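Below is one structure, written out as structure tokens; comments come after it.
All values below were derived from every heavy atom in this structure, side-chain atoms included, with hydrogens, water molecules and symmetry-related copies excluded. Labels below follow one simple rule: chain letters A, B, ... track the order of the sequence lines, proteins then strands, and each chain is numbered from 1. Remember, predicted model here, so these are calculated numbers, not experimental data.
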Amino acid sequence: MYEHKERDKYWQDKWEAEKLYATPENPDATKKKYILDMFPYPSGAGLHVGHPEGYTATDIISRQMRMLGFDVLHPMGWDAFGLPAENYAIKMGVHPQESTAQNINRFREQIKSLGLSYDWSKEVNTSDPEYYKWTQWIFLKLYEKGLAYKKEASVNWCPKDQTVLANEQVIDGACDRCGTQVTQKKLSQWFFKITDYADRLLADMEVLDWPDSIKHMQKNWIGRSEGARIKFYVQDSDQQIEVFTTRPDTLFGATYMVLAPEHNLVAEITTDEQKEKINTYLEASKKKSELERTALEKDKTGEFTGSFAINPATEQPIPIWIADYVLATYGTGAIMAVPAHDERDYQFAVKYDLAVKQVIKTPIDYKEEVFTGEGQLINSGEYTNLDASEARSHITADFGRAQVQYKLRDWLVSRQRYWGAPIPIIYCERCGMIPVPESDLPVKLPTDVDFKPTGESPLVYSNDFHNVVCPKCGSHAKRDSDTMDTFVDSSWYFLRFTDPQNDKVFASQDQISKWMPVDMYQGGAEHAILHLLYARFFTKALSDLGCLPKEAFVNGEPFTKLRNQGLILGLNGERMSKSKGNVVNPDEVVAEFGADSFRMYEMFMGPLEDAKPWNTQGIVGVRRFLDRVFKFQENFVEGQGNANIHKLIKKISSDIQDMKFNTAVAAFMEFLNENQSMDNQTWETYLKLLAPFAPHITEDLWAKLGHDQSIHKEAWPIFDPSLVIDSEVTMVVQIMGKTRGSFKVALGVTQEEVKTKVMSDELIKKHLEGKEIVKEIFIPDKLINFVLKSEE
RNA sequence: GCCUAGGUGGCGGAACUGGCAUACGCAUGGGACUUAAAAUCCCAGGCCCGCAAGGGAUUGAGGGUUCGAUUCCCUCCCUAGGCACCA
């Protein structure tokens with residue numbers, strides 16, 4: 001029996017001492033592979049069984065790549081700043097720096113116990129001043145070019161966590177960390193201008209080797225619509241209201257207008273008679289949460305302003321309403337309502353008895369009241385009879401201008417919490433807003449503050465930190481007291497990994513050129529939008545700012561290939577959670593079965609990207625298999641060379657390439673089941689193939705075979721294509737498409753030969769007795785099928 | 001409501017380009033070894049009928065294309081994930 005407790009540790013220590021997985025200093029550009037896992041958030045709970053799933057997959061790939069002669073960068077680090085770490089520290093009554101360090105140590109030990117081949121000299125930690133110095137430096141670069149800006153805006157506020165949140169962090173109107181209903185607050189906050197990149201973030205995705213589902217999600221989040229902006233004059237006034245519409249072809253059907261309650265013309269155009277009603281409505285909608293305003297029952301409410309606008313096409317006055325079904329944050333915050341051809345406008349028109357005018361011909365068999373499809377125009381003056389798409393371009397040209405609109409909004413990055421990178425900006429009484437000079441970086445987090453959330457950043461309570469002199473004029477000044485969103489830290493860590501110890505720049509152009517882009521990126525699908533969108537934005541922006549070697553990237557994209565691992569569920573098929581009591585602790589599994597069994601079981605469970613339930617019984621099978629491997633060598637029976645090993649080389653190589661690790665494990669089992677003896681060379685080849693999956697036990701057996709050098713330094717076996725072609729194949733006999741038997745024939749036999757052979761078979765004869773064969777289907781080396789005359 | 005992925009034995013899952021459905025593993029039953037148990041090894045079945053040889057049914061449901069469909073097409077049901085008054 002393989003004594004995993006003792007041997008696993010022995011080999012892990014040896015590998016580390018010998019620096020077996022050190023990254024090559026000067027990788028060959030044509031033979032480099034940057035294989036990356038999304039770095040973990042070192043929570044207080046420690047590693048769960050979900051983490052090693054992706055880590056093992058990339059470890060197998062990294063190990064195989066090294067054996068194939070590639071120069072591999074495979075690093076690990078910690079996404080250590082942020083709200084959960086701070087909340088955990090508050091709960092434990094310690095400083096986040098202390099609890100984070102403890103959590104990292106625990107994570108590192110756990111990861112090391114799995115025998116993953118990371119180069120630990122590349123480790124990064126986002127809460128280290130040597131790291132966040134460069135986070136702040138990047139902030140200043142973005143600021144310099146106007147990509148970071150401060151503005152007063154209505155922002156998402158979590159009352160429990162006492163901080164603002166980005167749109168991407170609000171899920172169904174609730175905080176994605178604590179689930180509390182998010183409210184709106186008007187605050188002056190820092191934003192990154194990700195909207196400048198909306199078109200490129202959308203278009204550049206095409207060439208990426210990413211899961212389609214992730215691409216779709218990003219596409220929907222960016223939300224591109226083509227349409228027009230059209231201005232409407234307010235009757236008896238110089239004021240104009242501009243709207244965005246994707247259906248300018250329905251302009252003649254616009255029978256009223258709606259402004260968002262927050263629209264800046266509301267006060268001005270409200271007539272005296274309507275003032276009271278409008279104010280009541282404004283008050284009411286302000287109190288509504290985002291959730292109430294949007295989701296659930298979509299009962300629309302609104303109020304008439306008393307004013308009218310002129311429809312530029314019909315030149316008729318149409319009433320202007322306000323309603324909170326129109327969002328201030330999208331388009332111009334105002335719409336032209338076409339109730340005949342828009343569901344929402346129709347509902348509203350029916351409720352408030354507003355005119356409905358049809359301008360698109362409804363198909364004859366169409367039964368619904370609202371027709372939102374395309375068709376021929378009617379009731380539309382000179383445009384009548386045009387097709388909708390044609391009318392769209394004409395009406396846009398005649399009454400407005402074409403406009404592309406995105407749902408994506410700028411990224412709100414300020415946070416009113418302690419545990420994050422301070423924003424490197426100073427407010428001087430005389431000079432105004434001043435960026436911290438590069439030479440003064442990092443702006444270190446003060447330690448003399450009570451960091452509990454109060455709604456205001458705790459950093460204002462540190463006198464040394466908050467009150468400073470202006471770096472420009474020397475007058476009294478105050479530092480920005482907010483910290484940056486954790487997602488800022490993680491938007492560039494993959495660049496730092498190429499050159500983590502550099503104290504001159506965030507990473508040298510040379511190292512970035514050598515290693516970027518990431519060839520293989522593995523992580524959970526929960527980052528589909530947040531991290532992956534932000535990281536793409538950062539890479540593109542830094543590239544445009546001249547901070548990255550452009551030629552190293554295609555379209556400024558950081559991750560060429562992306563794959564997600566599915567969730568590992570509890571035994572009951574439900575998501576693992578403490579409250580459900582179905583959490584599996586990897587430490588216990590490793591202690592009982594060993595690292596190799598754990599790794600292989602996680603790969604064997606099913607396709608990497610699928611969600612699948614954990615079953616401790618299942619790991620028994622993998623452990624039994626590894627024991628058989630171990631015993632095979634102990635009781636080695638010298639046998640013949642086996643050409644089937646070439647089929648196995650082919651199978652394992654292609655399965656790793658396609659990341660079908662579950663079938664690779666099955667193939668290992670099958671091969672051993674079928675080969676009770678083999679020659680020495682076949683056995684060594686088998687061990688080499690197995691090495692990336694079970695690095696400890698194969699290393700142990702390799703040493704026992706008398707090799708001085710690690711098996712992980714061996715070259716990956718190459719298969720001989722001539723040896724994977726069978727001389728004999730199994731032919732299937734079907735009658736009327738039903739399989740009635742099978743037999744072995746030599747490769748390339750003719751139809752006649754097969755038929756003769758088949759006809760001598762008793763069972764087949766019985767089936768064909770007294771029937772007339774109408775047709776024979778013959779697929780060489782595969783099958784013969786007899787079609788019989790049907791009995792009537 | 002919209003978008004995406006999926007539905008195969010008691011369970012996790014496999015199946016190339018339309019060609020032996022259920023590989024591999026778990027669990028189950030039987031046997032070997034053992035004083036015994038565990039561990040290990042061997043064999044078997046998988047839904048229905050049959051002692052057996054064998055036959056029939058079967059990949060969420062229904063229909064279609066085909067000599068032949070888990071695979072392609074249509075309709076529907078269910079599950080998971082995402083988006084959700086975006087004009």
Within the structure shown, what part of the strands sits under 4.0 Å from A:Arg740 by heavy-atom distance: base, sugar-phosphate, or nothing? sugar-phosphate
Once you apply the 3.5 Å cut-off to both distances, tell me the Watson-Crick or G-U wobble partner of B:A44, or none. B:U28
Looking at side-chain heavy atoms only, is the closest gap between A:Glu374 and A:Arg247 below 4.5 Å? yes
Distance, P atom - from B:G68 to B:U58, rounded to whole angstrom: 14 Å
Any side-chain N or O of A:Arg624 under 4.0 Å from OP1/OP2 of B:C26? yes
Going by the angle between their ring planes, with limits at 30° and 60°, are A:Phe668 and A:Phe693 parallel, tilted or perpendicular? perpendicular
Flag for A:Tyr281-A:Thr301: side-chain donor and acceptor within less than 3.5 Å: yes
A:Tyr256 OH - B:A87 C1' separation (whole Å): 11 Å
What are the two closest heavy atoms between A:Thr195 and A:Leu408, and how far apart are they? CG2-O, 3.4 Å
With both distances kept under 3.5 Å, what pairs with B:G6, Watson-Crick or G-U wobble? B:C78
Determine the interplanar angle of the A:Trp321 and A:Tyr352 rings, folded into 0 to 90°, and report it as parallel if under 30°, tilted if 30 to 60°, perpendicular if over 60°. tilted
If you measure from the C1' atom in B:C42 to the same atom in B:A80, how many Å do you get, rounded? 42 Å
B:A87 phosphate, OP1 or OP2: any side-chain N/O from A:Tyr330 under 4.0 angstrom? yes
When rounded to whole Å, the CD to C1' distance for the pair A:Gln347 and B:A84 reads 14 Å
Which atoms form the tightest heavy-atom contact between A:Ile784 and A:Gln751, and what is the distance? CD1-CG, 4.4 Å
Using Watson-Crick geometry (N1-N3 plus N6-O4 or O6-N4) or G-U wobble (N1-O2, O6-N3), each under 3.5 Å, B:A38 is paired with none
Could you state the CD1-C1' distance from A:Ile222 to B:G82, rounded to the nearest angstrom? 15 Å
Does a side-chain N or O of A:Arg628 approach OP1 or OP2 of B:C41 to a distance below 4.0 Å, or not? yes
For RNA chain B, determine which residues of residues 669-677 of chain A have any heavy atom closer than 4.0 angstrom to one of its atoms, and list them numerically. A:Met669, A:Glu670, A:Asn673
Any side-chain donor near an acceptor of the partner, A:Gln184 and A:Asn156, under 3.5 Å: yes
Given atom CG of A:Asp176 and atom C1' of B:C83, what is their separation to the nearest angstrom? 16 Å
Anti/syn call for B:G50, syn if |chi| within 90°: anti
Quickly work out the A:Tyr346 OH to B:G1 C1' distance and round it to whole Å. 18 Å
Across all strands, who's sitting opposite B:G1 as a Watson-Crick or G-U wobble pair, both distances under 3.5 Å? B:C83
Using atom P of each nucleotide, how far apart are B:A36 and B:C43 to the nearest Å? 23 Å
From OH of A:Tyr325 across to P of B:G1 the rounded distance in Å is 22 Å
Nucleotides 62-67 of chain B: protein proximity per nucleotide (B base, S sugar-phosphate only, - neither; heavy atom, under 4.0 Å): -----B
Salt-bridge contact A:Glu226-A:Arg224 (side-chain N to carboxylate O under 4.0 Å): yes
Check whether A:Asn675 reaches the backbone of A:Phe671 with its side chain - one donor and one acceptor, N or O, closer than 3.5 Å. yes
Would you call the rings of A:Phe636 and A:Phe632 parallel, tilted or perpendicular, where under 30° means parallel and over 60° means perpendicular? perpendicular
Applying the Watson-Crick and G-U wobble criteria at under 3.5 Å, what pairs with B:U17? Answer none if nothing qualifies. none
Spatial distance of atom CD1 (A:Ile335) from atom CG (A:Asp345) [nearest 0.5 Å]: 4.5 Å
Find which nucleotide of RNA chain B each of A:Ala667 and A:Thr739 is nearest to by heavy atoms, and output the residue with the more 5' nucleotide. A:Thr739
Select one nucleotide: of B:C85, B:A87, B:G81, the one nearest the side-chain heavy atoms of A:Met217. B:G81
Determine the Euclidean distance between corresponding P atoms of B:A44 and B:C76; express it in Å to zero decimal places. 46 Å
Smallest separation among heavy atoms of A:Glu168 and A:Leu530, with atom names: CB-CD2, 3.1 Å
Measure from CD on A:Glu343 to P on B:C2 and round the result to the nearest Å. 11 Å
Base-pairing mate for B:A57 - Watson-Crick or G-U, with both contacts under 3.5 Å: none
Gap in Å between the two C1' atoms, one belonging to B:A15 and one to B:U65, rounded: 22 Å
Which part of the nucleic acid, if any, lies within contact of A:Thr329, taking any heavy atom under 4.0 Å across all strands shown: a base, the sugar-phosphate backbone alone, or nothing? nothing
With nearest nucleotide decided by heavy atoms, which residue, A:Gly618 or A:Ile335, maps closer to the 5′ end of RNA chain B? A:Gly618
Whole-angstrom distance between B:U28 and B:A61, as gauged at atom P: 29 Å
By the 4.0 Å heavy-atom rule, please label A:Lys738 as base, sugar-phosphate, or nothing. sugar-phosphate
Span that lies between the C1' atom of B:G50 and that of B:G45, in whole angstrom: 15 Å
Within the 4.0 Å limit for protein heavy atoms, which parts of nucleotides 3-17 of chain B are touched? Write it as a string from 5' to 3', B for base, S for sugar-phosphate only, - for none. SS-------BSSS--
A:Asp627 and A:Lys631 ion-paired at < 4.0 Å: no
Interatomic distance at P, B:C16 relative to B:U71, whole Å: 12 Å
Does a side-chain N-to-carboxylate-O contact under 4.0 Å join A:Arg563 and A:Asp209? yes
What is the separation between atom CG on A:Leu530 and atom C1' on B:G82, rounded to the nearest whole Å? 13 Å
Spell out, as yes or no, whether a donor-acceptor pair under 3.5 Å connects the side chain of A:Asp610 to the backbone of A:Lys612. no
